[in-house]
Amino acid sequence: MNNLARRNRQTAIVLLIVVAVLFTLAFLEVRQ
Amino acid sequence: MNSTAHALPHPALPHGFWRWLTTTNHKDIGTLYLWFAATMFLIGGSMAMLIRAELFQPGLQIVRPEVFNQLTTLHGLIMIFGVIMPTFTGFANWQIPLMIGAPDMAFPRMNNWSFWLLPVAGIFLIGSVFLPGGAVAGGWTMYPPLFLQGGISYDLTIFAIHIMGASSIMGAINIVTTILNMRTPGMTLMRMPMFVWTWLITGFLLIAVMPVLAGAVTMLLMDRNFGTHFFSAAGGGDPVMFQHIFWFFGHPEVYILILPAFGIISSIVPTFARKPLFGYTSMVYATSSIALLSFMVWGHHMFTVGMQASAQLFFMYTTMLIAIPTGVKVFNWVATMWQGSMTFETPMLFAIAFICLFTIGGFSGLVLAMVPVDIQLQDTYYVVAHFHYVLVTGALFAIFAGLYYWLPKWTGHMYDERLGHWHFWLSAISVNVLFFPMHFLGLAGMPRRVSDYAPQFTDFNRVASIGGFVFGASQILLLIVILKCIRGGPKAEARVWEGAEGLEWTVPSPAPYHTFATPPELE
């Protein structure tokens, strides 16, 4: 895997984590 | 990226259906997005025509009230998720790699998957019309308790929203990654074209709010099918909580629908004024401020739910603050035109109409931001007038402008300027006949989402309907212009417009299937 592909994958993983956190937060907001 | 990869023998491209199904080329996928959006525009537009036909006079003429509610609901969902968002994603696919000098998007196979999810979602959404009980009818905002009570089509709609959300998230991750990592050497962030900047910010907005929408509709799905009570008051849940979560998505969504439009206008105005964009840096900061503020204003959609006065004041002031960065943008466009050598080809006409008419929508937004006024106008036609000025003469007119601007680059032919002018003038006049009277209807107290109305509203409704029919019919001209342009016409040069700047104008027209296999040199 070349550098650009690795950097692209890392960026995507970070953004996906943001997605997962926000999805979870929506549920936590209602539970309160 | 190196040039040897390009020299390798190319596997033969599949033809016909397989080519489009399996393509990973950003230009192909951009084209797919645009045609998908055009199809949905036809369907959502036909629904609007039916709505305006029913409202041509009081009483029930054409559709039953429950069908009318399905029409307004589907019209909203289709136009937002099926037309405006996919069109901007189509523009992004075509233009962003060309503008930043990248050979393709960062994740070409995910790009294919993002697109092909959309027709599936579209079929679920529209197909639900034929299910027992008809399609969803509670409004595009999907508020409980209504949304908890409907039939199977409500579940199907939730599924469609999930699919479209997944498609949007993948698209946004792809676009953000492409912009952050694949710019040609020397293109720093502050040297990017404004369209790329607005899409970068839009991408972040999508990544931030689509999961929240997905969470909200997942909870609806669970309330409907798995015995939970997130939003059902009978089980101790809170229906108003849904509104909070929905609008925490919904307001940034409004900017997702308009920021790429700002980017298109910021590309077109300098080209036809033959001057660089006035205040580039302030444009970038204004766009970012609008995006940040969009997370702090959601309460203005629900002033009448019974929130505290302090919360109402907070949302009122934050909403009014948005006028500042938006004003910066409008003044920058005007300053760009000031003393420019302007010509008025169709893209510029639509761009100028955008600046004037979007501002009307912005001003009525300020009126609605005032709590005491909003309490009077909540759920009236004034709101309908406001958001149609923002989304039709705003987002849609920017789309028209962008289509005329880039069509020669995509097809290699110039479009028919005379027909383009006809399309512009018919649209620009009729759209005001259609939406301006709605302000008066709203101020006089006509509620939105009704199939019948009191007789005193008849005259303005007639005027609006006539405007609507002309506006709808004039879009046939656009289709003719596009088809004519694809089939032939005068050959377009690489730099289609005399005043156009940017990397996309350095490649031939039509843009070759593969561009920038080696990163281009910046001046």
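We name chains A, B, ... by the order of the sequence lines, and we start the count at 1 in each one. Everything numeric in this text was worked out from a predicted model, so none of it was measured.
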Are more than 12 heavy atoms from other residues, nucleotides or ligands located less than 6.0 Å from atom [atom1] of [X]?
X: B/Phe159; atom1: CZ; value: no
X: B/Glu521; atom1: CD; value: no
X: B/Trp140; atom1: CH2; value: yes

*What part of A/Leu25 gets closer than 4.5 Å to chain B, counting heavy atoms only: side chain, backbone, both or neither?*
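Neither part.
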At a heavy-atom separation under 4.5 Å, does [X] approach chain A through its side chain, its backbone, both, or neither?
X: B/Phe204; value: side chain
X: B/Phe242; value: neither
X: B/Met105; value: neither
X: B/Phe231; value: side chain
X: B/Ile245; value: side chain

*With a 4.5 Å cut-off on heavy-atom pairs, point out which of A/Thr24, A/Val18, A/Val19 contacts chain B the most.*
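Result: the option with the highest number of such pairs is A/Val19.
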_Interface residues of residues 165-175 of chain B facing chain A - heavy atom cut-off under 4.5 Å_ =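 Those residues of residues 165-175 of chain B which have a heavy atom under 4.5 Å from chain A are B/Ile169, B/Ile173.
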If I compare all heavy atoms of [X] with all of [Y], which pair ends up nearest, and what's the gap?
X: B/Gly215; Y: A/Ala26; answer: CA-CB, 4.3 Å
X: A/Leu22; Y: B/Ala208; answer: CD1-O, 3.2 Å
X: A/Leu4; Y: B/Asn181; answer: CD1-O, 3.5 Å
X: A/Asn8; Y: B/Phe107; answer: O-CZ, 3.2 Å

*Sequence neighbours excluded, which residues qualify as ring-ring contact (aromatic ring centres under 6.0 Å, His included) partners of A/Phe23?*
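Once residues adjacent in sequence are excluded, the partners of A/Phe23 under the ring-ring contact (aromatic ring centres under 6.0 Å, His included) criterion are A/Phe27.
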*State, with a plain yes or no, whether a side-chain heavy atom of B/Leu180 is found less than 4.5 Å away from one of A/Arg7.*
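No, too far: nothing below the 4.5 Å cut-off.
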*Out of curiosity, B/Thr177 OG1 to A/Arg9 CZ, how far, rounded to the nearest 0.5 Å?*
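Spacing of OG1 (B/Thr177) from CZ (A/Arg9) equals 12.5 Å.
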